[in-house]
There are 2 protein chains.
Amino acid sequence: MQKQDRKPPTIKDVAAHAGVSVMTASRAINGKALVSAGAREAVAQAVKALGYVPNASARALAGSADRRVALLHSNSTTSAYLGELLLGALAEAPQRHLHLVVEQCAPGAFAQEIVDQVAQAHVAGVILPPPLCDWSELVEQLAQRDILVVAIAPDRDGPDMLSVGTDDRHAAYDLTRHLVDLGHRRIGFIEGNPRHRASARRLQGFRDCLADHGIAADAALVAPGDFSFRSGLDAAEQLLGLDTPPTAIFACNDDMAAAAITVAHQRKLNVPGDISICGFDDTPLASAIWPALTTIRQPIRDMSREAIGLLGMRLRSPDDGAHGVIGKVKLDYQLIRRQSDAVPARH
Amino acid sequence: MQKQDRKPPTIKDVAAHAGVSVMTASRAINGKALVSAGAREAVAQAVKALGYVPNASARALAGSADRRVALLHSNSTTSAYLGELLLGALAEAPQRHLHLVVEQCAPGAFAQEIVDQVAQAHVAGVILPPPLCDWSELVEQLAQRDILVVAIAPDRDGPDMLSVGTDDRHAAYDLTRHLVDLGHRRIGFIEGNPRHRASARRLQGFRDCLADHGIAADAALVAPGDFSFRSGLDAAEQLLGLDTPPTAIFACNDDMAAAAITVAHQRKLNVPGDISICGFDDTPLASAIWPALTTIRQPIRDMSREAIGLLGMRLRSPDDGAHGVIGKVKLDYQLIRRQSDAVPARH
DNA sequence: CTGAAAGCGCTAACAG
DNA sequence: CTGTTAGCGCTTTCAG
């Protein structure tokens, strides 16, 4: 195993190997039109033979268009969520010929400061995960400076906003459906933070499903929460303290579901034997507790991937007028079934 | 707020503004020697006035040296850990004028395949988080191809290997010390996976601390585990089932500590009133359970930051002979005190 | 359809 | 100490 090519092959080498000009090679590599099938083929072979990999820096430098984009994040995002986001974006950016930079915004920064920071990074677009994407002041100022914005799972989704998300309502519907199919009729629901629209959408899905299955809605079975473990404790106490407690609980996120399990155990209830408990989000917590949570997984990595894709499309053609590109992407969620649910106990 | 500079300022603009040549500007900006104080000052002002930011692509292209490095990760790394790693590396790479690429290695890939993949990315160095850094076959093959390797928290640390890590033994010592200072004398220990050296190092720190405080070691107080929640359950049962159970438990990671809390609750023990339980790693789980775990936080983000720094240093001067640069970095951990520990109960 | 020329922004080499 | 001359690898003109 000797040290072979000290320097990686360039497009020149490819062109020479294929017997065409550098320009033709470039066009062929980038899949542009106006290249004969023969040339295209020859170039493809040369690329493979030489193990050619385009130099991203050179591309960025030569390309006139601004192809730098940023992933902006606040410190309030959990690192697991952020990690997934980064992986998706980092994987997709090169494919789209985009240069990704990652910017963190300072803790108590004003929108103005953040915009300045982003502007100074010379980016043409920004990916905004929650909760940044719901900060309308920020979004507006970014738009004013002609910086493209893609929102990840925004709470409210303006018509002229690029966004990527999942269908929370539908996911909640499906999870409820799963419980109903198991035989549950009295299902408790622990709400999330009322300021997050996602919370309302999940509740909506829950209610729709019950209605569709002819199960009467019982206001006592819906307990308030705010996504925190602490609030889940209170909500679960409320639900399990009812005269006729539910046989299943649907918590708006995993943390609260974990809290519900804690309360159930304190009350000597077996999960899932006596009561089924489901979460939402499939955070690492979901599989780090016993019993492991049945929950809904959002394809976070794919979301940032799609977000980069959206930016790539929009940045390609600068014709602002006819932006016929679809600006909304809805991704499929997944129901992850683990050990926290079962058929209801017989009386 | 009108649209100002359509194009970001280049080094040319800076040079013009400062009244020097482009080269002088370049040297000044990069802090090289051989620049008069006056010129340096003028350039600095011009940079600030124009809001100049160097173009990374152009730099990479012009610089002859290979300044691409990769962060290689396996799918076995949790995304929270990876997220932190990425954030550190992404933040530091530009500072060091390094271009970071992120590569994921396929699930069951052979070392050979991975090396090929990395080599094809034309990188001069690779950051290897665990468990990849402990795969000696991979490390060796990478070295053979003249690719610099920096190991993140490796289990075994060869003398001629670049590495960044924390002092596990010392951290465990401190956490034990904390428990001892609280007044605990019977402290249980739940081991981690015996195949990970980190586990042994933590146990060592635990034992050293007890010895230093004249507390006799009791073999019955050390229970086996493998870092999984499941194993923590068994270990905690064993420990709490003793005739004279411990007043505190030191679990080798947060998952097992969470398991211990579960078991304690099942046995009607109050945590931390009846028993203190500490974890290790400060994963998100630590603050998502009740009571929140007192634990040790490793500076994961700083580790990758340092790793990039190491690569930057080594890649700067190609003089292989006298690599006087320090190749080992030990970072400080942090004891995070939350609600799972307290002074032992009186009898 | 193809190719030659001209840079993108920056920095290594050399000369002053 | 400073400036000039060449490119880095690629893509965009603009002519064939």
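Letters A, B, ... mirror the listed sequences (proteins, then strands); counts begin at 1.
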| query | For D/dT11, does OP1 or OP2 lie under 4.0 Å from any side-chain N or O of A/Ser26? | reply | yes

| task | Specify the separation, in whole Å, of atom NZ of B/Lys12 and atom C1' of C/dC8. | result | 9 Å

| field | For atom CZ of A/Arg40 and atom C1' of C/dT2, their distance in whole Å | value | 13 Å

| remark: When rounded to whole Å, the CZ to C1' distance for the pair B/Arg68 and D/dG9 reads 13 Å

| task | First locate atom CG of A/Leu82, then atom OG of A/Ser74, and finally report the distance between them rounded to the nearest 0.5 Å. | result | 8.5 Å

| request: Would you indicate which nucleotide in C/dT2, C/dC10, D/dG3 comes nearest to any side-chain atom of A/Thr24? | output: C/dT2

| remark: The nucleotide from D/dT2, C/dG9, D/dG9 with an atom nearest the side chain of A/Ala58 is D/dG9

| Which listed nucleotide (D/dT11, C/dT11, D/dT4) is nearest to the side chain of B/Ser21? | D/dT4

| field | Minimum-distance nucleotide to A/Leu61 side chain [options: D/dT2, D/dC10, C/dG9] | value | C/dG9

| query | Closest nucleotide of DNA chain C for B/Ser57 versus for A/Ala37: which of these residues is on the 5' side? | reply | A/Ala37

| note | Which of C/dG3, C/dC8, D/dT11 is nearest the side chain of A/Val20? It is C/dG3

| remark: Checking C/dC10, D/dC10, D/dT2 against the side chain of B/Arg27 (C-beta onward), the nearest is D/dT2

| remark: A/Leu34 has its side chain closest, among D/dC1, D/dT11, C/dC1, to C/dC1

| query | How long is the span from the OH atom in B/Tyr52 to the OG1 atom in B/Thr10, to the nearest 0.5 Å? | reply | 7.0 Å

| field | Closest listed nucleotide, where the reference is the side chain of A/Asn30 and the choices are D/dC8, D/dT11, C/dT2 | value | D/dT11

| Whole-Å distance separating the CG atom of A/Leu50 from the C1' atom of D/dG9 | 15 Å

| field | Per A/Met23 side chain, nearest of listed nucleotides D/dC8, D/dT12, C/dC8 | value | D/dT12

| field | Stepwise side chain to side chain contact (heavy atoms under 4.5 Å, CB included) check, B/His122 with A/Val53 | value | CA-CA 9 Å; B/His122 303 310; A/Val53 179; 4.2 Å; yes

| Candidate nucleotides C/dT2, D/dT2, C/dA12, ranked by approach to the side chain of B/Lys32 - the nearest | C/dA12

| query | Would you say B/Arg59 reaches C/dC10's phosphate, i.e. side-chain N/O to OP1/OP2 under 4.0 Å? | reply | no

| Judged by modelled atom types alone, do B/Gln112 and B/Asp116 share a side-chain donor-acceptor pair under 3.5 Å? | yes

| task | Would you check if there is a donor-acceptor pair between the side chains of B/Asn30 and B/Arg59 at a distance under 3.5 Å? | result | yes

